[in-house]
Amino acid sequence: MSMPLIDWELVVANKGLIVEGLLFSLKLTLIASVIGMIGGALLAMARLSSIKPLSFLASSYVNLFRSVPLLLVLFWFFFLLPFFGIRLEVGNIAIVTFSVFEAAYFCEIIRAGIQSISRGQVSAASALGLTYGQTMSLIVLPQAFRNMLPVLVTQVVILFQDTSLTSVIGVYDFFHAAEVVGKNNGALPPMIMFIAMIYFGICFSISMAARTLLKRYAVLR
């Protein structure tokens, strides 16, 4: 008897484990995206600062994390945190790692978005007496966000796909949950096909939602 392409009976029988793993992957994506964007915005402003030591430190951070694989950074935190006496659950180690790592990528996206805004607007805001923080938060960043939205969404989709890497340190994410169910029941290929379908559905839906949002922005502009 040939193995089905997707074993739906097996999926339904283990839906609790699979949903638990999927929820963790989505939670990790959401938290790392929010923290990464906040950290990335701060790093971007530091990189664009006229204070040279601050700009140098921000650039060094970005270059470091953009030059090493995410899997390696995951192992750094997994092995080094206990070495310094910091003990976290593997799920929290994944959240810390992804937030720190993604901040470097979001920094470059946000920096490019900020630089897409005319310097004339910054000069005009300065002439009106606005502080640097007010200029960035009220004038530059809202416009820059619209320009960088497609790239931000793409980075979030990549982040969601990368959550599957957390299984190497024992995190019970969506990929790991499906893998365990597949191996325990001798049906790994059908489970691989199942999670591939779910990954595609989620990532494609996010991309379509972002495209719809951009069309609405285009009408309002």
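When side chains are defined from C-beta on, L149 does not count as touching R146, because their heavy atoms never get closer than 4.5 Å. M191 is listed as a side-chain neighbour of V11, based on a closest heavy-atom distance under 4.5 Å. You'll find the side chain of I139 reaches within 4.5 Å of the side chain of Q143, heavy atoms only. You'll find the side chain of F194 stays beyond 4.5 Å of the side chain of P190, heavy atoms only. Between L159 and S33, the closest side-chain pair of non-hydrogen atoms falls below 4.5 Å. Residues S55 and L48 form no side-chain contact, since every pair of their non-hydrogen atoms from C-beta on lies 4.5 Å or further apart. Between V171 and I93, the closest side-chain pair of non-hydrogen atoms is not below 4.5 Å. Between V90 and T166 there is no side-chain heavy-atom pair separated by less than 4.5 Å.
Judged by distance alone, the side chain of Q115 and the main-chain N or O of A112 form no donor-acceptor pair under 3.5 Å. Under a 3.5 Å cut-off, the side chain of T212 and the backbone N or O of M208 do form a donor-acceptor pair. The backbone N or O of M45 sits nowhere less than 3.5 Å from a side-chain atom of S49 that would complete a donor-acceptor pair. Side-chain atoms of T29 come within 3.5 Å of backbone N or O of S25 as a donor-acceptor pair. D7 contributes a side-chain N or O that, together with a main-chain N or O of L10, makes up a donor-acceptor pair within less than 3.5 Å.
Minimum interatomic distance between L188 and E179 (heavy atoms only, all atoms of both residues): CD1-O, 3.9 Å. Nearest heavy atoms, Y172 versus F24: O-CB, 4.0 Å. In plain terms, the two heavy atoms of A32 and E102 that are nearest each other are O-CB, 4.5 Å. Closest approach of S116 and N147 over heavy atoms only: OG-ND2, 3.0 Å. When all heavy atoms of V100 and Y61 are compared, the pair lying nearest together is O-OH, 2.7 Å. Here the shortest heavy-atom pairing between C203 and Q161 reads SG-NE2, 3.7 Å.
L72 and L80 fall within the same hydrophobic cluster, defined by Ile, Leu, Val, Met, Phe, Trp and Tyr side-chain heavy atoms under 4.5 Å apart, directly or through other members. Residue F56 is not grouped with residue L64 when hydrophobic side chains (ILVMFWY) are merged at heavy-atom distances under 4.5 angstrom, including chains of intermediate members. Criterion: ILVMFWY side-chain heavy atoms under 4.5 Å apart, direct or through other members. Under it, I38 and L54 are not part of a common hydrophobic cluster. Both F101 and L88 are members of a single hydrophobic cluster when ILVMFWY side chains are connected at heavy-atom separations under 4.5 Å. In terms of hydrophobic clustering, with Ile, Leu, Val, Met, Phe, Trp and Tyr side chains grouped at heavy-atom distances under 4.5 Å, V180 and V12 are assigned to different clusters.
Of the candidates L23, T163, D162, T163 is the only one forming a side chain to side chain contact (heavy atoms under 4.5 Å, CB included) with L28.
The number of heavy-atom neighbours closer than 6.0 Å to CZ of R66, taken from other residues, nucleotides and ligands shown, is above 12.
In summary, the side chains of D173 and S167 do not present any donor paired with an acceptor at a separation below 3.5 Å, with no hydrogens or angles considered. Between the side chains of R47 and S59, at least one donor N or O lies within less than 3.5 Å of an accepting N or O.
The distance from the CG atom of L26 to the CD1 atom of I31 is 11.0 Å, given to the nearest 0.5 Å. Here CZ of F77 is found 9.5 Å from CD1 of I86. Values are rounded to the nearest 0.5 Å. Here the CG atom belonging to L130 is positioned 9.0 Å from the OG atom belonging to S137, to the nearest 0.5 angstrom. Atom CE of residue M148 and atom CE of residue M37 lie 9.0 Å apart, to the nearest 0.5 angstrom. A distance of 9.5 Å separates CZ in F175 from CG in L165, rounded to the nearest 0.5 Å. Summarising the geometry, atom CZ belonging to F79 is positioned 9.5 Å from atom CG belonging to L74; distances are rounded to the nearest 0.5 Å.
Using a 30° and 60° split on the angle between ring planes, Y199 and F160 fall in the tilted class, from 30° to 60°.
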Does the side-chain contact (heavy atoms from CB on, under 4.5 Å) test come out yes or no for V68 and V73, once each step is laid out?
CA-CA 7 Å; V68 293; V73 179; 3.6 Å; yes
Decide side-chain contact (heavy atoms from CB on, under 4.5 Å) for I195 and F174; before the verdict, give the C-alpha distance in whole Å, the side-chain angles of both, and the deciding distance to 0.1 Å.
CA-CA 8 Å; I195 60 175; F174 179 50; 3.6 Å; yes
